[in-house]
Number of protein chains: 2
Amino acid sequence: MSRRSGILEFAVLGLLRESPMHGYELRKRLNTSLGIFRAFSYGTLYPCLKTLVANGWLIEEPGSAPEDALAASLAGRRAKIVYRLTAEGKEHFEELLSHTGPDAWEDEHFAARFAFFGQTEREVRMRVLEGRRSRLEERLEKMRASLARTRERLDDYTLELQRHGMESVEREVRWLNELIESERAGRDQRRSGPGSPAEQEGTSGEADGLPRHRDAASSGGTPPGHPGPPDPSADTTK
Amino acid sequence: MSRRSGILEFAVLGLLRESPMHGYELRKRLNTSLGIFRAFSYGTLYPCLKTLVANGWLIEEPGSAPEDALAASLAGRRAKIVYRLTAEGKEHFEELLSHTGPDAWEDEHFAARFAFFGQTEREVRMRVLEGRRSRLEERLEKMRASLARTRERLDDYTLELQRHGMESVEREVRWLNELIESERAGRDQRRSGPGSPAEQEGTSGEADGLPRHRDAASSGGTPPGHPGPPDPSADTTK
DNA sequence: GTTTTCATGTAACCCGTTACATGATTCA
DNA sequence: TGAATCATGTAACGGGTTACATGAAAAC
């Protein structure tokens, strides 16, 4: 349950909502723009697209055959297939966007949800952020308890590992706190009455109330060469 | 490749090196002491134990039948099975401990390796830490590049997600730096000549040179109740 | 005395990757 | 013209979880 493939469907719909694309590019975007998800393989992506089409959420369109559009229409030429979101697809995606069930704040789900916050209503954003936070606090509580129980029996390295793990979670909680605060501030600023219209900011919209951080590309370039051994396993695609 | 189950085998051998245990307890330790790995199910653990036995690395011993040891020996009574590391098993584990191949610094592998640093030679520890660090720096480089390429096209939330992701990695790099520094300092302190004997500190040993952090259980107890919705999916076991 | 927790196991299933097959387009 | 990249697909395989079956010990 809580199928990982659900995340894929969601992300695909979300990306296609912005603009039609073919599978190959879709996959790239899945890794870069939404850098979070570790790459899905084509063996997963294409079948997924198929089912989305079968559900009527996407339609396949003949891709731009840039060189000779004529030849393309002749023999069973395999051309680019561009996927476009249908009206039902859009509707479905919007529904997914509004869900706030418990899985919305599981690690990978959460990242996917967050990536599309720009198209999510503020109220939903709040619920997801708060859900995630309480999920993490729960986890922290467990870690603390378990640590308290076993502390003396653990050697220094295990302890250090534990410590670092907890600190990571604490850090994410603080991050969420900032985000939640900003969301709240954003709402307060606008004094939105009960009937205020849902936001309508396109892709380029200024999502309100994000905490202003020092520039996204923080610390400077790589300080040249640690002696660390090179890692040949760089390429994901090949 | 880089099978996740390899991690299991490694961790099992490592835990059993400290003391014999039965499967059930083993699994608990896998989640708590080495809190890192997300739980393996019994469906994975028991078969794994079987193969380890088949390899001659473990032997099954009749568990302590505390109440009536007599009855146990009678009818095919299914008793606790305690697994104990054999000499070959120990040897094998020690060999695994000394490996420093590229997979030693993949996320989950690394955590497992680190968890047993107390039994790892300092030189190997260094190589693993440095390998991990360069792996992460590589990753950072990619993230920076991809971010630079797509920056303007991304909305604020996606950007924020990216930023937070990068910061997490940067944070781990800093952590590794501290650890490496400590390891180095530890070695320097001891002025170990070329022929210095391998360390021989038991489970309780003071692993040298860990950076001293404010107490492991950082920040205070849970500030009572955020309004966040409760999450019924707490229990892993059931 | 019945519910929980401890304890061991297996088989079916789900899901994603790997590896392969195929072909178009671009670049050297 | 041949290599690299773009592009779409599928079948087999691997590996881990879920769900189930079974039963002892402890707690209530």
Side-chain angles (χ1 to χ4, degrees), chain A residues 1-9 11-12 21-31 37-53 58 60-83 108 233 235-238, chain B residues 1-9 12 20-31 37-53 58 60-83 108 233 235-238:
Chain A
M1 67 200 52
S2 169
R3 304 130 51 249
R4 201 168 114 83
S5 60
I7 300 171
L8 220 207
E9 290 187 10
V12 165
M21 252 178 284
H22 52 265
Y24 192 86
E25 192 182 351
L26 216 30
R27 184 177 184 256
K28 272 196 308 190
R29 298 284 299 271
L30 248 22
N31 305 327
F37 332 128
R38 83 168 193 286
F40 281 91
S41 65
Y42 294 119
T44 312
L45 176 59
Y46 284 115
C48 170
L49 286 168
K50 282 279 171 63
T51 64
L52 292 181
V53 169
L58 306 182
E60 302 177 336
E61 290 185 346
S64 59
E67 247 1 276
D68 55 339
L70 294 173
S73 56
L74 297 176
R77 208 292 221 133
R78 191 166 52 162
K80 280 194 198 181
I81 297 174
V82 171
Y83 293 91
E108 284 194 298
S233 73
D235 195 343
T236 17
T237 321
K238 200 223 153 172
Chain B
M1 68 199 51
S2 171
R3 303 131 50 247
R4 201 168 114 82
S5 60
I7 300 171
L8 220 207
E9 290 186 11
V12 164
M21 252 178 285
H22 52 264
Y24 192 86
E25 193 181 350
L26 216 30
R27 184 177 185 257
K28 271 196 309 189
R29 297 285 298 271
L30 248 24
N31 305 327
F37 332 126
R38 84 168 192 284
F40 281 92
S41 64
Y42 294 119
T44 312
L45 177 58
Y46 284 116
C48 168
L49 285 169
K50 282 279 170 67
T51 64
L52 292 181
V53 169
L58 306 182
E60 302 177 335
E61 290 184 345
S64 59
E67 245 1 274
D68 53 340
L70 294 173
S73 55
L74 297 176
R77 170 61 135 95
R78 190 165 54 162
K80 280 195 198 180
I81 295 173
V82 171
Y83 293 90
E108 285 193 298
S233 73
D235 196 342
T236 16
T237 320
K238 197 226 153 173

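Here the structure is a predicted model, which is why all the values come from computation and not from measurement.
- In the set dT8(C), dT10(C), dT8(D), dT10(C) carries the atom at the smallest distance from any side-chain atom of P47(B).
- The distance from atom CG of L58(A) to atom P of dT8(D) is 13 Å, rounded to the nearest whole Å.
- Within 4.0 Å (heavy atoms only), G43(A) reaches at least one base atom of the nucleic acid.
- Between S41(A) and G23(B), it is G23(B) whose nearest contact on DNA chain C lies nearer the 5' terminus.
- In terms of phosphate contacts, S5(B) brings no side-chain nitrogen or oxygen within less than 4.0 Å of OP1 or OP2 of dG15(D).
- Side chain of F40(A), nearest nucleotide from dG16(D), dA7(D), dT17(C): dT17(C).
- With rounding to whole Å, L52(B) atom CG is found 16 Å from dT8(C) atom C1'.
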Go through it in stages, so that I can follow the logic: the residues are F40(B) and R4(B), the test is side-chain contact (heavy atoms from CB on, under 4.5 Å), and I'd like the CA-CA distance, side-chain angles, deciding distance and then a yes or no. CA-CA 10 Å; F40(B) 281 92; R4(B) 201 168 114 82; 3.6 Å; yes
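- Across the protein-nucleic acid pair, H22(A) atom NE2 and dT5(D) atom P stand 16 Å apart, rounded to whole Å.
- Between G23(A) and L45(A), the shortest heavy-atom contact is O-CD2, 3.4 Å.
- Atom CE in M21(B) sits about 12 Å away from atom P in dA7(C), given to the nearest Å.
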Please step through side-chain contact (heavy atoms from CB on, under 4.5 Å) for the pair Y83(A) and E60(A), ending with a clear verdict. CA-CA 5 Å; Y83(A) 293 91; E60(A) 302 177 336; 3.5 Å; yes
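- Between Y42(B) and the phosphate of dG9(C), there is no side-chain N or O to OP1/OP2 separation shorter than 4.0 Å.
- Of the side-chain N and O atoms in K50(A), one or more sit less than 4.0 angstrom from OP1 or OP2 of dT10(D).
- Counting to the nearest Å, the C1' atom of dT22(C) and the OH atom of Y46(A) are 13 Å from each other.
- The nucleotide whose nearest atom lies closest to any side-chain atom of Y83(A) is, among dG16(C), dG9(D), dG9(C), dG9(D).
- Taking side-chain N and O atoms only, T44(A) has no distance below 4.0 Å to OP1 or OP2 of dG16(C).
- As a whole-Å value, the separation of I81(B) CD1 from dA7(C) P is 12 Å.
- Closest approach of E9(A) to C48(A), counting heavy atoms only: CG-SG, 3.8 Å.
- Here dA7(D) presents its P atom at 7 Å from NZ of K28(A), a figure rounded to the nearest Å.
- Computed from coordinates, the L8(B) CG to dT17(D) P distance equals 9 Å when rounded to whole Å.
- Taking both residues in full, the closest heavy atoms of V82(B) and P20(B) are given as CG1-CB, 3.6 Å, listed atom of the first, atom of the second, then distance.
- Along DNA chain C, the nucleotide closest to G6(A) and the one closest to E25(B) are compared, and the more 5′ of them pairs with E25(B).
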